[in-house]
Colleague: 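Below is the structure I would like to discuss, written out as structure tokens.
Just so you know, these numbers use all the heavy atoms, side chains as well, and skip hydrogens, waters and symmetry mates.
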Amino acid sequence: MTTSSAPGKIYLFGEHAVVYGEPAVPCAIERRARVTVEQREDSHLRVHADDLSLDGFTVEYSGATDTAPDIDVSESLIQAAMGYVDAAVRQARDAADAPDAGFDITIESDIPLGAGLGSSAAVTVAGIDAATRELGVPLEPAEVADRAFQAEYEVQEGQASRADTFCSAVGGAVRVEGEDCRAIDAPDLPIVVGFDGGAGDTGELVAGVRELRETYGFAADTVAAIGDIVREGERSLADEDVERLGELMDFNHGLLEALGVSSRSLDNMVWAARDAGAYGAKLTGAGGGGCIVALDDSEETETALRFTPGCEETFRAGLDREGVRLEEQ
Ligand SMILES: Nc1ncnc2c1ncn2[C@@H]1O[C@H](COP(=O)(O)OP(=O)(O)O)[C@@H](O)[C@H]1O
Ligand SMILES: C[C@@](O)(CCOP(=O)(O)O)CC(=O)O
Ligand SMILES: [Mg+2]
């Protein structure tokens with residue numbers, strides 16, 4: 001039996017634009033997904049996911065085509081849930097040259113689903129790490145990242161950057177531009193997250209930006225301007241200039257809003273944080289609903305978010321300098 005965990009992330013800058021080759025800077029946060037795998041005698045997969053619905057569920061199957069129908073959850077939820085797990089298992093089987101390996105898999109996660117905190121990447125990264133270790137072929141974090149990207153790319157039908165998976169695998173702050181992925185230095189940032197309890201559809205939101213970008217030159221310019229913000233943001237990060245970082249996050253949020261990926265509740269939370277004196281605030285991840293990230297060393301932003309209509313949860317999320325790690329073997 002092997003358990004690995006991997007962190008979720010927030011985007012300081014650059015989501016969406018990173019899909020078109022602009023740089024992005026995500027940071028791993030201290031919220032993790034833990035995946036436990038145990039090799040079976042047969043080639044079946046039995047997956048237990050506690051967090052997918054209020055009750056959690058278990059599904060046993062031997063492949064994507066013959067999902068066992070004897071459980072009380074919709075087919076689409078199973079497909080959505082199993083996509084990443086299936087793809088992670090395919091990567092592990094491939095890495096170990098063990099095409100028939102079967103597993104009992106348990107997923108536990110502190111990362112809300114579809115909320116912009118990279119739950120899919122954390123589950124995929126931790127899953128590949130645990131399954132390859134279980135098969136006796138532990139991989140370096142960079143290789144876990146590469147395989148997790150292939151898995152996400154497959155599930156998201158070509159609409160994925162390397163940002164989430166690389167960040168989750170190596171931890172800390174990272175910079176991703178196309179295939180160029182590297183860890184960068186960052187100070188401990190006073191990160192506050194606000195969560196509206198909802199989720200956005202990453203594929204749909206990415207497709208929306210793609211269409212705007214193809215329709216209007218100024219939308220393409222907006223995407224390019226986000227790239228400029230990221231490059232400026234990297235300098236502020238190196239200078240540890242938190243005030244400037246906040247200003248650039250505000251600017252980045254404005255451009256994401258213009259690209260149509262914000263929502264009323266995300267905007268409300270962003271404004272609540274700014275009014276409370278945060279250095280800056282923006283949505284994180286695909287948008288549409290889910291989380292915002294703000295920088296504030298005082299308690300003011302958390303207090304304000306607690307009283308903001310539409311905000312369901314707020315928490316401080318320290319930068320997690322550790323990426324994927326073995327928990328137990
Ligand atoms: N705890 C979990 N157990 C099983 N699958 C999960 C878990 N958390 C996330 N996932 C998978 O990740 C998907 C959400 O990923 P995505 O839409 O990219 O949003 P995000 O990565 O921002 O959370 C879920 O639909 C599910 O397939
Ligand atoms: C919109 C995007 O830039 C980030 C999506 O992040 P998340 O899955 O919402 O956490 C897509 C991507 O980079 O793959
Ligand atoms: Mg995701």
Side-chain angles (χ1 to χ4, degrees), residues 1-10 28-40 44-61 67-68 71-74 77-92 101-135 138-139 141 144-145 147-148 151-152 155 164-165 167-171 193 195 197-199 202 285 290-291 312-313 315-318 320-329:
M1 197 183 81
T2 309
T3 304
S4 295
S5 75
K9 57 98 235 290
I10 53 99
I29 57 168
E30 289 166 336
R31 285 233 162 182
R32 287 186 167 252
R34 275 169 296 282
V35 179
T36 300
V37 303
E38 184 159 19
Q39 198 175 354
R40 293 169 61 104
H44 289 217
L45 299 181
R46 184 172 187 276
V47 181
H48 180 75
D50 269 333
D51 313 286
L52 279 178
S53 67
L54 287 179
D55 299 329
F57 66 85
T58 302
V59 54
E60 182 172 337
Y61 63 123
T67 302
I71 43 167
D72 190 22
V73 282
S74 73
L77 180 57
I78 297 173
Q79 289 307 334
M82 293 312 129
Y84 293 99
V85 177
D86 249 349
V89 167
R90 270 200 299 281
Q91 288 294 331
F103 300 99
D104 287 330
I105 302 174
T106 304
I107 305 168
E108 299 159 287
S109 172
D110 313 326
I111 309 165
L113 270 67
L117 299 183
S119 73
S120 60
V123 165
T124 308
V125 165
I128 292 174
D129 191 72
T132 48
R133 287 177 188 278
E134 180 75 2
L135 293 173
L139 305 176
V144 174
R147 287 191 173 272
E152 278 220 321
V155 180
D164 285 23
T165 40
C167 184
S168 183
V170 308
V193 174
F195 175 36
T202 304
C291 293
E312 229 169 63
E313 198 189 335
F315 53 91
R316 199 164 267 288
D320 194 339
R321 298 194 180 270
E322 220 181 333
V324 64
R325 68 175 181 231
L326 177 65
E327 297 283 345
E328 216 182 317
Q329 194 159 33

Colleague: Show the nearest heavy-atom pair for residues Val35 and Val123, with the distance to one decimal.
Modeller: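 Closest heavy-atom pair between Val35 and Val123: CG2-O, 3.8 Å.
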Colleague: At what distance, to the nearest 0.5 angstrom, does CG of Asp320 lie from NZ of Lys9?
Modeller: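 Here the rounded value is 14.0 Å.
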Colleague: Rounded to the nearest 0.5 Å, how far apart are CD1 of Ile29 and CG of Leu117?
Modeller: 5.0 Å
Colleague: Is the shortest side-chain heavy-atom distance between Ile105 and Val89 below 4.5 Å?
Modeller: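 Ile105 vs Val89: side chains touch.
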Colleague: Sequence neighbours left out, what passes side-chain hydrogen bond (donor to acceptor under 3.5 Å, both in side chains) with Gln39? Give chain and number order.
Modeller: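 In terms of side-chain hydrogen bond (donor to acceptor under 3.5 Å, both in side chains), with neighbours along the sequence ignored, Gln39 is linked to no residue.
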Colleague: Sequence neighbours left out, what passes side-chain hydrogen bond (donor to acceptor under 3.5 Å, both in side chains) with Thr106? Give chain and number order.
Modeller: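 Applying side-chain hydrogen bond (donor to acceptor under 3.5 Å, both in side chains) to Thr106 gives none.
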Colleague: To the nearest 0.5 Å, what is the distance between CZ (Phe103) and CZ (Arg40)?
Modeller: 11.0 Å
Colleague: List the residues meeting side-chain hydrogen bond (donor to acceptor under 3.5 Å, both in side chains) with Thr132, not counting sequence neighbours, and say none if there are none.
Modeller: none
Colleague: With a sphere of 6.0 Å drawn around CD of Gln329, does it hold more than 12 non-hydrogen atoms of other residues, nucleotides or ligands?
Modeller: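 Correct, the count exceeds 12.
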Colleague: Looking only at heavy atoms, which two atoms of Val170 and Pro141 are closest? And how far apart?
Modeller: CG1-CB, 4.4 Å
Colleague: From Ile111 CD1 over to Arg32 CZ, what is the distance, rounded to the nearest 0.5 angstrom?
Modeller: 8.5 Å
Colleague: Specify the closest pair of heavy atoms between Glu327 and Ser5, including all atoms of both residues, with the distance to one decimal.
Modeller: OE2-OG, 2.6 Å
Colleague: Over all heavy atoms of both residues, which pair between Pro7 and Glu322 is shortest? Give the atoms and the distance, please.
Modeller: CG-O, 3.6 Å
Colleague: Examine the side chains of Thr2 and Glu134 and answer whether a donor and an acceptor come within less than 3.5 Å of each other.
Modeller: yes
Colleague: Work out which heavy atom in Ser119 is nearest to a heavy atom in Gly114; give both atom names and the distance.
Modeller: OG-N, 3.9 Å
Colleague: What distance do Gln91 atom CD and Asp129 atom CG have between them, rounded to the nearest 0.5 Å?
Modeller: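 Atom-to-atom, Gln91:CD and Asp129:CG are 13.5 Å apart.
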Colleague: What's the verdict on side-chain contact (heavy atoms from CB on, under 4.5 Å) for Asp164 and Thr124, showing C-alpha distance, side-chain angles and the deciding distance?
Modeller: CA-CA 10 Å; Asp164 285 23; Thr124 308; over 6 Å; no
Colleague: Testing the basics here: between Ala126 and Ala33, what is the closest heavy-atom pair and its distance to 0.1 Å?
Modeller: CB-O, 3.9 Å
Colleague: Ignoring hydrogens and angles, tell me if any N or O in the side chain of Arg31 forms a donor-acceptor pair with the backbone of Asp110 under 3.5 Å.
Modeller: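 Yes: the side chain of Arg31 pairs with the backbone of Asp110.
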